[in-house]
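Below is one structure, written out as structure tokens, with a few remarks after it.
Worth knowing before you read on, the calculation uses all heavy atoms, side chains too, and leaves out hydrogens, waters and symmetry mates. Since this is a predicted model, take the numbers as computed values, not measurements. Letters A, B, ... mirror the listed sequences (proteins, then strands); counts begin at 1.
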Amino acid sequence: MRFSRMVSKTLRDDPPDAETASHRLMLRAGLIHQVAAGVYSYLPMALRSLRKIENIIREEMDAAGGQELMMPALQPQELWDQTGRKEAFGDNMFSLNDRHGRKMVLAPTHEEVITNLVKANVQSYRDLPQILYQIQTKFRDEARPRAGLVRVREFDMKDAYSFNADEESLDESYQAMAQAYRNIFRRCGLPVLMAEADSGAIGGKDSHEFLLATNTGEDTVITCASCSYTANAEKAESTISELPSEPEATLEEVATPNIKTISALAKFLAVDESKTLKAVFYMSDGEPVFVTIRGDLDVNETKLKNALHSTDLRMADGDEARAAGLVAGSASAIGLEGIKKVVDSSVTNGNNFIAGANKPDTHFKGANYPRDFQADIVADIALAQPGQNCPRCGHTLESTKGIEVGHIFKLGTFFSEVLGADFLDSEGQQHPIIMGCYGIGVGRLLAAAVEQNNDENGIVFPAPVAPYQAHMVALNINNEEVAEAAEKLYKELEAAGIEALFDDREDAAAGVKFNDADLIGLPVRLVVSPRNLKDGKVEIKGRMDTEAGSVPLDGVVAAVQERLAASAE
RNA sequence: CGGGGUGUAGCCCAGCGGUAGGGCGCCUGCUUUGGGAGCAGGAAGUCGGGAGUUCGAUUCUCCCCACCCCGACCA
């Protein structure tokens, strides 16, 4: 490609609204152009990278036994009503009407369609297992798009679905996909964490997220440096400090004037926060729920949601709390009737807690579970925090931010049961097909690759996803000798199958060309200039090299190939 | 959805109750060519939209819209 013919322009100034490196650099290098919040055009260079990533994904999916197909983004809403997921996705789903007034949606994912497709094509255990995938545009009306291609509303996504006759087979498909994912991310230059994840309301047993650790990420991962335990914040477990067991004291009131928070309470009574009980009030599918957790811990709403089998969970507001007769700042489960009570298992660790007395400016001391209050549900609903201990090995946990680039789930039989996708086993028995699903955000993966690979001068593309392999800069191209040598070299590169970007601009100063080369960040830079040409040479420099080397004109192609081969390892 | 912020030329921004400016980019010519060159000339704007106040609004007031950031949300 000739630079002079490229439609995209590089920007001299940093876009002021772009906070993350990938967003800033992709705009500056002319890779993407924003159309609306969370909606972007991919300019030619970005599309080339995207296609490369897609092809890496295809190769690994095919190698793992996947078959590619493509399903429509436009779907009847009816299909989503059958599984109840129109409701579940809520405002995150784009909806529209067709000319007949039929309700349609833009698909955020494709379980409904693929399950029906498989239902029509698979009847026997002999047809299983199947792994089907597509690379399609997905639509999610995100509440807050952010960080360029990291969180968008229209996006290129690879989604795969497995269909199996039994759990063992599902596990094989799941493991094959997990391995394919590791291969894909490695080939794209991304060191990823594979974290245990919450499988969601519909999911079955296992779920894992693949994340690029970066502090601009929006997900939180809990890791253990000692063993391999890695889990996202919604799923992570931890062991908490054991409190010494004391003889149970009597429950008695203590005046706590104007004490509303756990920290104020602990300070006022000169006890550790772990000796207090925190009360948190939620609305779960319209029903009030009273949660008790040890004062030094926080509620993990995902765990709570799972414990309650709730589809819509949120914190209650002040009016709802008052309506349920709760005294904010002094609430506890003691003596509380007519409301569902959830107790975190931390409350069974320790005793003689300080708890609210359900009247203003008053608390109890000597509160004990289950002597003084009971629970409808006792479960681990605590948020794992760095500094707590690993549930596997006891080592101190750490926390890191990350961008989620892939997610795999064992779905189980939810979709096959609702949509009637059954098969007959060898004994003629009918069973719902067991499913898994496996997603990769392709555009987000590109953004993550840029986020991971850049320096102060620009992008440092990993060769397998770079839009071109070589950036050939011709300096003083008005010089006939340079023009001739550069044209010849450009043709040689193309003939050798090396994708080259040829900066043939006549009017751009050397500095401009070098800066653009650094900004775009192709793996190998070649400089054809009068100075080098005098010795019959061309300058060659890897994007991260501090010093440039030089090669004879007739050895350039081989030298580029050598460098690319080396960087591919 | 709550909080904060920003909308002025392709990009980055300044400005102001009297009808809009700088830098970059762009066009023409000359000069220049190893890290964002120089000179001369030039084109380019519904000042986000609407209403109001005013003799006069890009500027003040109100409403709306868009975008960004934080939070909530993110099977």
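For Tyr181(A) and Tyr438(A), the ring centers sit 6.0 Å or farther from each other.
Here the side chain of Val512(A) is nearest to one of G36(B), C73(B), U33(B), namely G36(B). Of the candidates C74(B), G34(B), G36(B), G36(B) carries the atom nearest the Leu519(A) side chain, counting heavy atoms from C-beta on. Ranking C74(B), G36(B), C68(B) by closeness to the Gln34(A) side chain, first place goes to C68(B). Closest approach to the Ala143(A) side chain among C70(B), A72(B), C68(B) is made by A72(B) (side chain taken as heavy atoms from C-beta onward). The side chain of Glu539(A) lies closest to G34(B) when the candidates are G34(B), G23(B), A75(B). Comparing atom distances between the Pro16(A) side chain and each of C12(B), A75(B), C74(B) picks out C12(B) as nearest.
One interatomic measurement links the two molecules: CG of Asn515(A) to P of G35(B), which rounds to 10 Å at whole-angstrom precision. The nearest whole Å value for the distance from the CG atom in Leu526(A) to the P atom in G34(B) is 19 Å. One can place CG of Asp516(A) at 11 Å from P of A37(B), the figure rounded to the nearest angstrom. The CG-C1' distance, from Leu475(A) to U33(B), rounds to 8 Å in whole Å. For Phe415(A) and A75(B), the CZ to P distance is 13 Å, given to the nearest whole Å. Protein atom CD of Glu19(A) is 18 Å distant from nucleotide atom P of G4(B), rounded to whole Å. When the P atom of A72(B) is taken as reference, atom CG of Asn92(A) falls 15 Å away, rounded to whole Å. Atom CG of Asn457(A) is separated from atom C1' of G35(B) by 10 Å (rounded to the nearest Å).
Judged by distance alone, with hydrogens and angles left aside, Asp518(A) brings a side-chain donor or acceptor within reach of the base of G35(B), the pair sitting under 3.5 Å.
Separation of the C1' atoms belonging to G45(B) and C62(B) is 26 Å when rounded to the nearest angstrom. Atom name C1', nucleotides G50(B) and A66(B): the rounded distance is 15 Å, in whole Å. Here the separation of A57(B) from U61(B), taken at their C1' atoms, is 11 Å to the nearest Å. U31(B) and A37(B) have their C1' atoms separated by 10 Å, with the value rounded to a whole Å. With both ends at atom C1', the span from C26(B) to G56(B) equals 35 Å, rounded to whole Å. Look at the P atom in both C11(B) and G49(B): the space between them is 15 Å, to the nearest Å. G3(B) sits 15 Å from C73(B) when the C1' atoms are compared, rounded to a whole Å. Comparing C74(B) with U6(B), their P atoms are spaced 31 Å from each other, to the whole Å.
Residue contacts for Arg28(A): at a heavy-atom cut-off of 4.0 Å it reaches a base atom on one of the strands shown. In this structure, Asn478(A) reaches the bases: a heavy-atom distance under 4.0 Å links it to at least one base atom across the strands shown. No contact: Ala517(A) has no heavy atom under 4.0 Å from any strand. Contact annotation for Pro15(A): no contact, since no heavy-atom pair falls under 4.0 Å across all strands. Looking at heavy-atom distances under 4.0 Å, Arg525(A) makes contact with a base. Among the atoms of the strands shown, base atoms are found under 4.0 Å from some heavy atom of Asn532(A). The residue Ala37(A) sits close only to the backbone: its heavy atoms come under 4.0 Å of sugar-phosphate atoms, none of a base.
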query = Stepwise, does the side chain to side chain contact (heavy atoms under 4.5 Å, CB included) test hold for Ile114(A) with Phe415(A)?
reply = CA-CA 10 Å; Ile114(A) 195 116; Phe415(A) 292 98; over 6 Å; no

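For Arg12(A), a side-chain nitrogen or oxygen approaches OP1 or OP2 of G25(B) to under 4.0 Å. Side-chain nitrogen and oxygen atoms of Arg144(A) include at least one within less than 4.0 Å of the OP1 or OP2 phosphate oxygen of C70(B).
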request  = Treat primed atoms plus P, OP1 and OP2 as sugar-phosphate and everything else as base, then score nucleotides 40-45 of chain B 5' to 3': B for base contact with protein heavy atoms under 4.0 Å, S for sugar-phosphate contact only, - for none.
outcome  = ------

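In this structure, Asp91(A) places its CG atom where only 12 or fewer heavy-atom neighbours from other residues, nucleotides or ligands lie under 6.0 Å away. The environment of CD in Gln175(A) is crowded: more than 12 heavy-atom neighbours from other residues, nucleotides or ligands sit within 6.0 Å.
One distance of note links CZ of Arg28(A) with CD1 of Ile459(A); it measures 10.0 Å at 0.5 Å rounding. Atom-to-atom distance recorded for Ile57(A):CD1 and Asp156(A):CG is 8.0 Å, nearest 0.5 angstrom.
Residue Asp14(A) is the one, among Asp14(A) and Thr10(A), whose nearest nucleotide of RNA chain B lies closer to the 5' end (criterion: closest heavy atom). Residues Cys437(A) and Ala36(A) each lie close to RNA chain B; by heavy-atom proximity, the contact nearer the 5' end of the strand is made by Ala36(A).
Side-chain contact between Val528(A) and Leu553(A): absent, with no pair of heavy atoms (C-beta onward) separated by less than 4.5 Å. Annotation: side chain of Asp159(A) is not in contact with side chain of Cys437(A) (no heavy-atom distance under 4.5 Å).
Take Phe163(A) and apply the ring-ring contact (aromatic ring centres under 6.0 Å, His included) test, not counting sequence neighbours, and it matches no residue.
Using modelled atom types and a 3.5 Å distance limit, the side chains of His110(A) and Tyr161(A) yield no donor-acceptor pair. With hydrogens and angles left out, the side-chain atoms of Trp80(A) and Glu112(A) include no donor and acceptor closer than 3.5 Å. Glu417(A) and Thr413(A) form a side-chain donor-acceptor contact under 3.5 Å, judged by distance and modelled atom types alone.
Pairing analysis of RNA chain B (Watson-Crick: purine N1 to pyrimidine N3 plus N6-O4 or O6-N4; G-U wobble: N1-O2 and O6-N3; both under 3.5 Å) yields stems of 3 or more pairs at B:1-7 with B:65-71, B:10-13 with B:21-24, B:26-30 with B:38-42, B:48-52 with B:60-64.
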